[in-house]
Amino acid sequence: MNATPSSPPGIAPLDVERIRRDFPLLKRQVNGHRLVYLDSAATTQRPSVVIDAVRDFYEQHNANVHRGVHQLSQEATAIFEATREKARAFVNAPEVAEMIYVRGTTEAINLVAQSWARPRLKPGDEILVTTMEHHSNIVPWQLVAEQTGAVVRPIAIDDDGTLDLDDLDARLSERTRVVAVGHVSNSLGTVNPIAHIAKRARSVGAITVVDGAQAAPHYPIDVQALGCDFYAFSGHKVFGPTGVGFLWGRREWLDAMPPWMGGGDMINSVSFQGSTWAPLPSKFEAGTPNVGGAAGLGAAFDYVSGLGLDRIAQHDHELLQYGTARLLEVDGLRLIGTSPKKTGILSFVLAGIHPHDIGTIVDRDGVAIRTGHHCAQPVMERFGVPATVRASLTIHNDRADIDRLVESLEGVRRMFG
Amino acid sequence: MDADLRELYQQVILDHHRKPRNFGPLTAPDRAAVGFNPLCGDRIQVQLMLDENDRITDVHFTGEGCAICTASASMMTESVQSKTLDEAKQLFHGFHELLTTGDDPGEVDLGKLSLFAGVREFPVRVKCATLPWHTLTAAAENREEPISTE
């Protein structure tokens, strides 16, 4: 069961024991057991370097950014802008000015819906979203559809949770203006073929908006290779603080879009005859941003790139294979989402036992998993389940964590007999 | 298996989960309502037959929920049988006290419902146990919109 995982030549396996020591929270006990944290798809834990960077910011550099000539303000601005550059490198964007600070993926998608789509959409225009989207990549489009008379249409998924590309082609038309798609499904783990989708969307003149929240922590992202128009992700899914993330958008779009919120920091000049907008990226960054969060996120980018995203992807893949095999040994377990292209998300149901009961019982064994609809109710409906149990894998998880989950599930089975 | 869990998932509760009583629709209920817990997706319907004095002559439920929700619904249907709507309301009040404080308030005889005292150790599960009762209340008041725990 616990044989050392083999890695292809050239990619050194992650040292999970060492990584685990980087995360102070993982040292704690939960209900008398060593914590097994299998809920990183909801939010990751933070390594010491991130926590230290936030503390260091507030202890040494705290000031508002982009204003004030004093030393601290300059230091804070430098830290803030350094993280923007790291974010650019993280997704391989062409220009740092295309990286817009947001609170997270949800805000980024709302920004695109309100600032790109709302002024452009006409009654009868269509927005395609996949059936596997998180609510945050559905509801902003429903809101803008209500405002403009456009229509939101779902793209179907197959029984294994793979996007139905024939259905995408069938639904694309000259009426399609936006294709909104998750890079990785938070409830199924499916990796969507963004480059293909973006190419097809472009062929009918539609833009592609990618929710990258679940992809960012798992493998290298290259927005230029993907060929999408917008890409959104959250800091707290990549070991950074909550409340800070990025939207990348093509300059041609961002330049043409009106501001999303008005306020300080986003203007060139303000008078009661009218105001003019600051250039990118400030145009979209009204108000004092989460500078402390940005300091932490910068450290998180360094931490992740220090480990190497190719190694992280390899670790994720191996653990997913092991976890899939082990879970299928559990009597009555059905995996929801078995696409050949997946990241480390294991969504499942147990015959006759509600996910809520499973969540409560395994928590008592110190195993943290997510239960519920995962903000993806259309997925639950598609697979005919009210909810699932979801175990999500990351860099500090190993085979022993999976074994603990499986043991605990066996206990659940025994209890419910 | 720890003691709190054993108390939560007692045999009687598991038995009502496996074999829910008064489960399935009534053909022509006098009153009905739907209850929904948006956090976990649980959804149940409660249907009532009443006599001229607002006394419950039959009560059934349908739907899908966790063990706590299903067992609570099942045991509720047994407890409120032949009670007036006012008496059922008092019973819910006592049951709610039990779940949130762990104390049997003693104003009403909770009977087998007192087996749910263990829920107190699991605050996020209180709504699972109360959803059927909120739905019963909505049915008594003839509310048509689904009621929600949130």
Side-chain angles (χ1 to χ4, degrees), chain A residues 29-33 39 42 134-135 138-139 187 332 336 347-390 404 407-417, chain B residues 1-20 23 34-45 61-74 99 116-132 135 146 148-150:
Chain A
Q29 302 260 309
V30 169
N31 295 319
H33 302 271
D39 197 20
H134 189 281
H135 295 165
I138 299 174
V139 181
S187 54
I336 307 288
S347 227
F348 59 91
V349 291
L350 274 182
I353 309 178
H354 193 282
H356 221 145
D357 296 311
I358 298 170
T360 291
I361 298 168
V362 304
D363 174 59
R364 285 279 151 164
D365 291 335
V367 179
I369 43 143
R370 172 84 190 268
T371 63
H373 53 59
H374 317 297
C375 296
Q377 286 178 345
V379 173
M380 302 300 116
E381 200 176 315
R382 169 67 178 76
F383 289 94
V385 293
T388 72
V389 180
R390 181 187 69 187
R404 283 270 304 276
E407 267 169 47
S408 191
L409 291 173
E410 297 292 2
V412 173
R413 283 230 64 93
R414 278 194 300 277
M415 181 169 215
F416 277 75
Chain B
M1 200 60 67
D2 65 42
D4 288 342
L5 266 188
R6 268 198 304 273
E7 199 186 339
L8 180 68
Y9 292 107
Q10 299 188 36
Q11 281 311 318
V12 175
I13 290 177
L14 289 175
D15 180 64
H16 275 264
H17 161 61
R18 278 189 215 105
K19 292 177 298 210
F23 186 79
V34 173
F36 182 53
N37 182 343
L39 290 187
C40 60
D42 288 355
R43 179 184 286 273
I44 69 160
Q45 187 184 35
F61 81 103
T62 58
E64 195 165 13
C66 64
I68 302 303
C69 177
T70 307
S72 173
S74 173
L99 296 182
F116 283 93
V119 175
R120 193 180 73 104
E121 297 301 324
F122 299 84
V124 297
R125 306 302 301 275
V126 169
K127 284 173 181 171
C128 308
T130 55
L131 177 65
T135 313
S148 167
T149 53
E150 295 308 304

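Here is the naming used below: chain letters follow the sequence lines, and residue numbers restart at 1 for every chain.
Expressed to the nearest 0.5 Å, how far CZ of B/Arg6 lies from CE of A/Met415 amounts to 8.0 Å. Distance check: B/Cys66 SG to A/Ile358 CD1 gives 11.0 Å after rounding to the nearest 0.5 Å.
What you find for A/Gly352 and B/His17 is that their closest heavy atoms are O-NE2, 3.3 Å.
Residues of residues 122-132 of chain B that come within less than 4.5 angstrom of chain A, heavy atom to heavy atom, are B/Phe122, B/Arg125, B/Cys128 in numerical order.
Under 3.5 Å, the side chains of A/His356 and B/Asp42 contain no donor-acceptor pair of N or O atoms.
Proximity to chain A (any heavy atom under 4.5 Å) is restricted, for B/Leu8, to the side chain, taken from C-beta onward.
By the salt bridge (Lys or Arg N to Asp or Glu O under 4.0 Å) test, B/Asp4 pairs with A/Arg364, sequence neighbours left out.
With a 6.0 Å radius and a threshold of 12 heavy atoms from other residues, nucleotides or ligands, B/Glu64 has its CD atom at or below the threshold.
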